[in-house]
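To start, the structure itself, in structure tokens.
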Amino acid sequence: MWSANSFQRKVIEYYRQHGRKHLPWQGTKDPYRIWLSEIMLQQTQVATVIPYYEAFLERFPTIVDLAEASSDEVMHLWSGLGYYSRARNLHKAAKTVAEEYAGTFPQDPEEIEALPGIGLSTAGAIAAFAFDKPTAILDGNVKRVLARCYGIEGWAGKSAVLKALWAKAEENTPVKDTAQYNQAMMDLGAVICTRTKPKCDKCPLAKECFALKQGMISELPGKKPKKARPKRSVYWLVCIEDNQVLLHKRPPSGIWGGLWCFPEIEQSEPIPEHSQKLSSFVHKFSHYDLEVQPLLVKKLSKTGIMEPNETERFALAFLNKKTQAKTAQIGLPTPVSKLLASLQ
DNA sequence: TATACGTGGGC
DNA sequence: TGCCCAAGTAT
């Protein structure tokens with residue numbers, strides 16, 4: 001097995017020759033742009049992120065622009081990207097940077113990690129990429145490369161496994177050229193050491209890779225134990241009056257927090273009178289299935305479900321023109337957008 | 001430590 | 001088709 005120094009050189013040399021260097025967030029030292037990319041890329045693939053990243057920066061070019069925005073507009077620009085707590089935390093952190101750091105992003109890794117939505121790995125990435133700090137990262141790409149290369153078995157959700165992976169990450173991360181090394185490891189994991197069908201013939205670490213030598217590519221890294229996925233069944237009340245449709249802003253925590261949805265009731269409740277069933281569908285989350293039965297209702301107040309006085313929790317989104325439904329500056333979950341589009 | 005939290009791609 | 005999971009964090 002190589003020394004840490006030899007490992008670093010091979011990984012960096014691979015990146016110098018073959019790595020991706022022109023992704024939209026590369027080639028900048030702007031901590032805001034690096035931070036935004038790292039948050040959007042959490043559990044999300046590069047190709048999905050790119051258009052969101054461009055649009056977000058177009059509207060919010062600086063941290064202060066973001067800090068001064070309404071939450072509805074921030075959520076609007078995150079709509080469809082998923083894991084919406086990322087956007088809520090991003091907005092909250094931008095306000096913190098604007099108010100407590102005078103709009104200048106902190107350089108200390110510990111201060112970076114103290115911002116909401118930034119964990120140890122993301123803090124390490126930002127500190128290394130923006131400020132050339134010697135901080136290690138351990139995202140999914142790095143975990144996969146290290147688990148295979150060193151034969152670290154077990155699921156990274158287990159603390160002992162995570163600890164072993166972090167130990168290797170720290171051990172191999174150079175104090176000099178940390179940013180280049182971190183970028184190279186991410187690239188190696190994303191392009192070469194992929195989950196299925198890795199391109200071992202092009203891997204700079206193939207010669208000493210434990211998984212390759214032992215025929216354990218498909219066993220490493222260890223898989224998360226699977227659990228049953230429950231199903232929840234709800235009605236969505238589609239109430240259209242004067243070419244306007246009633247939407248409800250969800251509370252800030254929980255699924256689709258801060259986004260606007262059709263008023264929702266459990267299917268264990270009786271169907272409101274004079275309601276008409278539209279086409280039902282199943283929306284699959286990673287942790288449960290949501291069976292949605294949209295109901296066209298005349299007047300929401302006549303359903304007896306909702307009190308009309310709760311005006312602060314409700315608002316109207318216009319549907320009378322396609323452009324208005326599309327450009328309303330509010331956050332809409334993907335299935336809500338799709339159902340709205342189908343009503344036009 | 002286990003669970004909540006979105007969406008779309010790959011096979 | 002259904003399942004796994006992708007640049008994770010918060011609780």
Side-chain angles (χ1 to χ4, degrees), chain A residues 19-20 23-26 34-53 75 78-90 92-93 112-126 128-129 136-145 154-163 165-166 169 179 182-191 193-198 218 221-232 250-259 261 282-290 331-338:
Chain A
R20 298 169 300 176
L23 296 174
W25 41 86
Q26 295 178 324
I34 292 164
W35 168 40
L36 178 64
S37 74
E38 292 299 329
I39 300 300
M40 284 190 168
L41 286 162
Q42 287 170 0
Q43 303 290 285
T44 311
Q45 296 181 345
V46 166
T48 303
V49 164
I50 288 175
Y52 283 88
Y53 180 79
M75 301 317 290
W78 210 272
S79 290
L81 196 55
Y83 282 152
Y84 298 97
S85 67
R86 294 183 296 173
R88 298 192 300 269
N89 283 330
L90 190 79
K92 189 175 175 185
I112 294 173
E113 196 192 345
L115 294 168
I118 300 179
L120 188 54
S121 185
T122 298
I126 297 169
F129 293 144
I137 61 170
L138 188 63
D139 63 6
N141 290 316
V142 179
K143 282 175 184 168
R144 194 165 49 252
V145 172
W155 173 50
K158 295 287 182 183
S159 63
V161 178
L162 191 63
K163 190 177 173 182
L165 289 168
W166 265 114
N182 285 347
Q183 191 59 249
M185 284 293 284
M186 285 184 177
D187 203 76
L188 190 60
V191 176
C193 194
T194 48
R195 182 173 65 92
T196 58
K197 297 199 292 184
S218 62
K223 295 184 178 79
K224 179 181 181 175
K226 68 167 121 179
K227 54 187 191 265
R229 208 165 54 173
K231 182 159 91 172
R232 207 163 76 84
R250 288 178 172 260
S253 65
I255 194 76
W256 293 331
L259 278 68
C261 297
V282 176
H283 182 76
K284 293 177 178 304
F285 291 110
S286 51
H287 49 317
Y288 65 92
D289 289 348
L290 183 68
L332 297 172
T334 295
V336 173
S337 293
K338 288 181 178 172

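Lettering of chains follows the sequences in order, A, B, ..., and the numbering in each one begins at 1. What's counted below: heavy atoms across the whole structure, side chains too, no hydrogens, waters or symmetry copies. In this text the structure is predicted, and so the values were computed from the model without any measurement.
Using a distance-only test at 3.5 Å, with no hydrogens or angles considered, a donor-acceptor pair links the side chain of A/Arg86 to the main chain of A/Gln42. A distance-only check finds a donor-acceptor pair linking the side chain of A/Asn89 to the backbone of A/Ser85 [under 3.5 Å].
Between the C1' atom of C/dG2 and the CG atom of A/Asp289 lies a distance of 10 Å, rounded to the nearest Å. Put simply, CE on A/Met40 is 16 Å from C1' on C/dA6, counting in whole angstrom units. If you measure from atom CG of A/Leu41 to atom P of C/dT9, you get 12 Å, rounded to the nearest angstrom. Atom CG in A/Asn182 sits about 14 Å away from atom P in C/dG8, given to the nearest Å. Going from atom NZ of A/Lys143 over to atom P of C/dC5 covers 12 Å, rounded to whole Å.
Nearer the 5' end of DNA chain C, as judged by each residue's closest nucleotide, is the contact made by A/Trp25, out of A/Trp25 and A/Pro116. Of the two residues near DNA chain C, A/Leu115 and A/Leu23, the one whose nearest nucleotide lies more 5' is A/Leu23.
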Reading nucleotides 4-11 of chain B 5' to 3', which nucleotides get B (base under 4.0 Å from a protein heavy atom), which S (sugar-phosphate only), which -? SBBBSB-S

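What you find for A/Ala156 and A/Leu162 is that their closest heavy atoms are O-CB, 3.6 Å. A/Arg144 and A/Pro221 get closest at one heavy-atom pair: CG-CD, 3.6 Å.
The side chain of A/Arg144 places an N or O atom within less than 4.0 Å of a non-bridging phosphate oxygen (OP1 or OP2) of C/dA6.
In this structure, A/Arg250 reaches neither bases nor backbone, as no heavy-atom distance under 4.0 Å exists between it and the strands shown. Within 4.0 Å of A/Ser159, counting heavy atoms only, lie sugar-phosphate atoms of the nucleic acid but no base atom. Among the atoms of the strands shown, none is found under 4.0 Å from any heavy atom of A/Val142.
The one candidate from A/Ile118, A/Thr122, A/Asp139 that meets the side chain to side chain contact (heavy atoms under 4.5 Å, CB included) condition with A/Glu38 is A/Thr122.
Here, C/dC4 and B/dT3 have their P atoms 15 Å apart, quoted to the whole Å. Using P as the reference atom, C/dT11 and B/dG6 are 14 Å apart when rounded to the nearest Å.
Contacts of A/Thr334 classified as side chain to side chain donor-acceptor pair (under 3.5 Å), with partners at least two apart in sequence or in another chain: none.
The aromatic rings of A/His283 and A/Phe285 lie perpendicular to each other, with more than 60° between the two planes, well past the 30° mark.
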